[in-house]
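The sequence lines fix the lettering, A, B, ..., with proteins before strands; numbering per chain opens at 1.
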2 protein chains.
Amino acid sequence: MVTIKDISKRCGFSTSTVSKALNNSLEIGQETTAIIRKTALEMGYLPNTAARSLKTNRSNNLGVLFIDEMQSGLSHEYFSGVINSFKVEAERLGYDITFISHNIGNMQMSYYDHSVYRKCDGVVIACVDFSDPAVVELIHSEIPTVTIDHIFNDCTAILSDNLTGAKDLVHHIYEYGHRKIAFIHGENTSVTKRRLAGFHKACDALGIKVPDEYIKAARYHDPRSSGLATRELLNLPDPPTCIMYPDDFSFIGGMNEIEKHSLTIPDDISVVGYDGIYLSQVLRPKLSTFKQNTEALGKEAAAHLVESIVDKKTYLPKQIWIAGELWIGDSVKNLNFE
Amino acid sequence: MVTIKDISKRCGFSTSTVSKALNNSLEIGQETTAIIRKTALEMGYLPNTAARSLKTNRSNNLGVLFIDEMQSGLSHEYFSGVINSFKVEAERLGYDITFISHNIGNMQMSYYDHSVYRKCDGVVIACVDFSDPAVVELIHSEIPTVTIDHIFNDCTAILSDNLTGAKDLVHHIYEYGHRKIAFIHGENTSVTKRRLAGFHKACDALGIKVPDEYIKAARYHDPRSSGLATRELLNLPDPPTCIMYPDDFSFIGGMNEIEKHSLTIPDDISVVGYDGIYLSQVLRPKLSTFKQNTEALGKEAAAHLVESIVDKKTYLPKQIWIAGELWIGDSVKNLNFE
DNA sequence: AACAGTAACGAACACGTTTTCGTAACTGTG
DNA sequence: CACAGTTACGAAAACGTGTTCGTTACTGTT
């Protein structure tokens with residue numbers, strides 16, 4: 001391990017000067033800086049993060065907190081996309097990432113303690129139970145945090161625009177001539193609330209009356225519950241002509257149920273998903289869906305988190321809405337040409 | 001931040017004694033240890049990882065290296081499963097994990113340099129191009145490493161038993177009366193080689209002659225290439241009665257193609273996948289597949305990596321084969337009852 | 001020439017641990 | 001009681017940085 005001291009010996013400048021030169025201090029002459037940087041490169045110097053962190057109380061390390069129960073976090077393409085993009089941008093900005101958990105070794109630790117323990121400069125929070133006191137503790141702590149898809153006071157939130165997403169889907173379905181639109185929604189979260197709001201707003205604006213039995217509750221990422229809801233919808237005396245699913249993956253449950261009823265998509269029944277995962281684009285018929293911009297979500301989260309760390313004094317919490325994109329596939333029948 | 005010094009002042013023992021007591025040194029009396037641990041708990045003491053790491057040259061941090069191009073790493077359920085399990089076991093053993101990359105900030109860094117920079121006690125390597133010199137450099141360095149699904153000299157490897165997997169699938173298909181079995185395999189990796197070996201071994205043992213045109217090359221996780229291969233197979237003068245796919249997800253491409261030929265699964269054509277991802281179990285008909293034990297893979301990887309770190313002097317590299325499980329769905333027709 | 005001002009560098013300390021070594025008190029043995 | 005051996009603890013150094021505060025030497029002004 002080559003240290004700052006080795007460089008100091010090699011080129012005759014003191015360790016203080018070397019340290020300053022490597023940190024681009026204006027205090028040091030240009031020529032000396034050049035010499036020092038050159039020998040550092042030659043000797044293969046790598047700064048000792050531990051020593052640096054000990055001295056500066058910063059780690060260039062960002063925490064990622066997401067729920068890991070049932071392994072649903074990483075395996076959900078939406079979150080894995082967001083986290084991956086977060087990672088790429090964080091690394092570009094010079095930060096590594098560490099997962100925050102509540103048990104490390106045999107110690108039971110709060111999320112906050114773990115973040116302190118690992119000296120995270122900031123933490124991004126996604127896909128968790130936002131009512132969990134441990135999560136709230138972390139958010140209200142002195143550690144900069146950014147949440148994804150949930151709004152907290154005094155904390156920057158990066159939000160996928162679910163209201164517009166649901167609205168755009170309804171409008172698309174409406175334009176294709178449908179008036180009987182059912183909506184199977186996920187469990188009761190702020191995301192779901194926004195989508196429901198968008199759905200009703202669009203329907204109201206378009207003059208569509210939605211009977212209560214067209215609104216069904218299911219769970220995200222769970223084809224079984226969506227399948228059950230689909231069955232109930234198809235068995236209604238006056239079934240819908242189009243069904244909106246909680247997400248692309250859940251639609252698989254609906255697909256099975258529709259096939260079981262000997263119906264075909266989109267000729268007998270139209271459907272749309274949500275998310276725009278890989279799967280949605282390889283199914284036939286191709287699924288019409290609303291693509292969430294996971295790349296932008298992760299990138300913005302990293303960018304704002306770092307900004308809030310660097311400008312800790314002046315930074316003001318913001319809410320960043322990330323637009324998505326309507327992806328029109330072949331799963332909604334155009335009734336206008338009948 | 002409460003430090004060891006604060007504890008020292010509070011309970012009258014020197015910092016050396018406090019440090020030793022907190023590290024369970026036998027040098028310190030039981031009573032004193034109890035007192036010190038108690039006050040540490042009361043004061044909410046958390047060890048300063050930076051200081052500790054600086055002194056001991058260990059970080060209690062494990063690196064995870066997997067390729068991130070095309071975001072295919074995290075979004076592939078197989079790898080996300082392995083990594084998640086790795087994370088859980090690593091945390092149980094007192095380690096955090098950090099992703100290893102080759103560009104951090106504006107510095108371009110080798111994987112090895114990044115691992116040194118972050119003071120990783122060890123690194124697990126998965127889902128990368130194992131011929132990449134940067135990967136080889138890391139594996140041959142002094143940093144303990146464990147590879148997943150690839151064998152290197154002098155490096156512990158955790159391997160999903162792909163040979164048995166392919167063999168078991170063939171046997172299952174054979175038992176159901178099929179004699180014309182096609183195999184669409186993924187790109188040329190050691191995993192693919194093992195599966196091909198298993199396939200041919202089983203066919204030989206069962207006395208099945210496999211015509212060359214029944215073996216098709218496609219890509220993993222790519223329904224399009226599997227769809228093309230499927231088309232070619234279905235258009236053969238003497239088409240197979242069962243098709244084996246590179247993985248469950250790729251099968252979607254085959255599914256579309258089969259439907260396009262107005263054939264139904266499994267009545268007209270039988271299929272099996274590989275992996276046992278969530279999707280395979282919610283499709284109808286349920287996909288027969290070979291479930292890879294991602295949980296065991298990740299857990300064993302973490303356990304052996306930590307073991308090789310702790311017993312650095314005496315540890316000998318091993319190869320650990322992880323068995324999978326045949327999951328029989330409804331996608332293979334039983335021809336014995338005709 | 002005297003002076004203030006600045007530019008460029010070094011000495012020394014501190015960050016919070018772990019660890020080596022020394023020392024005092026205690027224990028048991030003859 | 002003398003002695004060796006053990007137990008329990010403390011003093012001090014070290015890990016590799018960043019930073020504060022001096023200290024030179026040089027520049028330009030009057």
Side-chain angles (χ1 to χ4, degrees), chain A residues 1-40 43-61 94 105 107 113 116-121 310, chain B residues 1-40 43-61 94 105 107 113 116-121 310:
Chain A
M1 270 258 16
V2 32
T3 76
I4 230 175
K5 213 180 240 169
D6 300 325
I7 302 178
S8 158
K9 269 177 197 152
R10 171 79 77 97
C11 58
F13 293 104
S14 75
T15 58
S16 330
T17 305
V18 173
S19 171
K20 286 172 193 163
L22 293 178
N23 287 335
N24 286 323
S25 169
L26 299 175
E27 223 178 311
I28 307 300
Q30 290 189 5
E31 202 178 339
T32 348
T33 302
I35 295 175
I36 290 175
R37 298 188 75 85
K38 187 168 158 244
T39 59
M43 300 178 73
Y45 170 74
L46 285 180
N48 186 319
T49 48
R52 175 177 286 180
S53 169
L54 175 60
K55 198 61 188 147
T56 62
N57 253 323
R58 281 175 298 109
S59 64
N60 280 306
N61 208 24
M107 289 188 278
D113 279 351
V116 171
Y117 176 68
R118 275 297 164 190
K119 296 199 163 301
C120 292
D121 295 337
V310 175
Chain B
M1 271 259 14
V2 32
T3 77
I4 229 175
K5 212 181 243 171
D6 300 326
I7 302 178
S8 158
K9 268 178 198 150
R10 171 80 77 98
C11 57
F13 292 104
S14 76
T15 57
S16 332
T17 306
V18 173
S19 171
K20 286 172 194 161
L22 292 178
N23 287 335
N24 286 323
S25 168
L26 298 173
E27 223 179 311
I28 306 300
Q30 288 189 6
E31 202 178 338
T32 344
T33 302
I35 295 176
I36 290 175
R37 298 188 75 85
K38 188 167 158 243
T39 58
M43 300 177 73
Y45 170 74
L46 285 180
N48 185 320
T49 49
R52 173 177 288 180
S53 169
L54 175 60
K55 196 62 190 150
T56 62
N57 253 322
R58 283 176 297 109
S59 64
N60 279 306
N61 207 23
M107 289 188 277
D113 280 351
V116 171
Y117 176 68
R118 274 299 164 191
K119 295 199 163 300
C120 292
D121 295 336
V310 175

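- With sequence neighbours left out, the side-chain hydrogen bond (donor to acceptor under 3.5 Å, both in side chains) criterion links A:N61 to A:T98.
- If you walk DNA chain D from 5' to 3' and mark each nucleotide with an atom closer than 4.0 Å to a heavy atom of chain B, the marks span D:dA8 to D:dG16.
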Hey, can you pull the donor-acceptor pairs under 3.5 Å for the side chains in residues 49-56 of chain A, sequence neighbours left out?
unit_1: A:T49; atom_1: OG1; unit_2: B:Y117; atom_2: O; d: 3.0
unit_1: A:S53; atom_1: OG; unit_2: A:R58; atom_2: O; d: 3.4
unit_1: A:T56; atom_1: OG1; unit_2: A:R52; atom_2: O; d: 2.8
unit_1: A:T56; atom_1: OG1; unit_2: A:R58; atom_2: N; d: 3.2
unit_1: A:T56; atom_1: OG1; unit_2: A:R58; atom_2: O; d: 3.4

Practice task
May I have the step-by-step check of side chain to side chain contact (heavy atoms under 4.5 Å, CB included) for A:D113 and B:L46, ending in yes or no?
Solution key: CA-CA 8 Å; A:D113 279 351; B:L46 285 180; 4.0 Å; yes
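- Rounded to the nearest 0.5 Å, atoms OG1 (A:T15) and CG (A:L22) are 11.0 Å apart.
- A search for side-chain hydrogen bond (donor to acceptor under 3.5 Å, both in side chains) contacts involving A:T17 returns A:S14, not counting sequence neighbours.
- Expressed to the nearest 0.5 Å, how far CD1 of A:I28 lies from CZ of A:F13 amounts to 8.5 Å.
- Looking at residues two or more places apart in sequence or on another chain, you find a salt bridge (Lys or Arg N to Asp or Glu O under 4.0 Å) between B:K38 and B:E42.
- With hydrogens and angles ignored, the 3.5 Å screen pairs no side-chain donor or acceptor of A:S25 with any backbone N or O of A:A21.
- Here the closest heavy-atom approach between residue A:I7 and residue A:A40 is recorded as CD1-CB, 3.7 Å.
- Comparing the axis of the opening five pairs of the helix from C:dA1-D:dT30 to C:dG30-D:dC1 with that of the closing five pairs yields an angle of 50°, rounded to 10°.
- Using a 4.0 Å cut-off on heavy atoms, the residues of residues 48-59 of chain B that approach DNA chain D are B:L54, B:K55, listed by number.
- Partners of B:R37 by side-chain hydrogen bond (donor to acceptor under 3.5 Å, both in side chains), not counting sequence neighbours, listed by chain and number: B:N24.
- A:M1 CE to A:D6 CG: the interatomic distance, rounded to the nearest 0.5 Å, is 8.5 Å.
- For the atom pair OH (B:Y45) and CD1 (B:I4), the distance works out to 4.5 Å, reported to the nearest 0.5 Å.
- Along DNA chain C, the stretch of nucleotides lying under 4.0 Å from any heavy atom of chain B spans, 5' to 3', C:dG16 to C:dC21.
- To the nearest 0.5 Å, atom SG of residue B:C11 and atom CD1 of residue B:I36 are 5.0 Å apart.
- Taking every heavy atom of residues 1-14 of chain B and every atom of DNA chain C, pairs under 4.0 Å involve B:T3, B:I4, by number.
- Side-chain atoms of A:S59 come within 3.5 Å of backbone atoms of A:K119 as a donor-acceptor pair (strictly under, hydrogens ignored).
- Annotation: salt bridge (Lys or Arg N to Asp or Glu O under 4.0 Å) contacts involving residues 9-24 of chain A, sequence neighbours excluded, comprise A:K20-A:E27.
- A heavy atom lying under 4.0 Å from DNA chain C marks the following residues of residues 27-38 of chain B, by number: B:E27.
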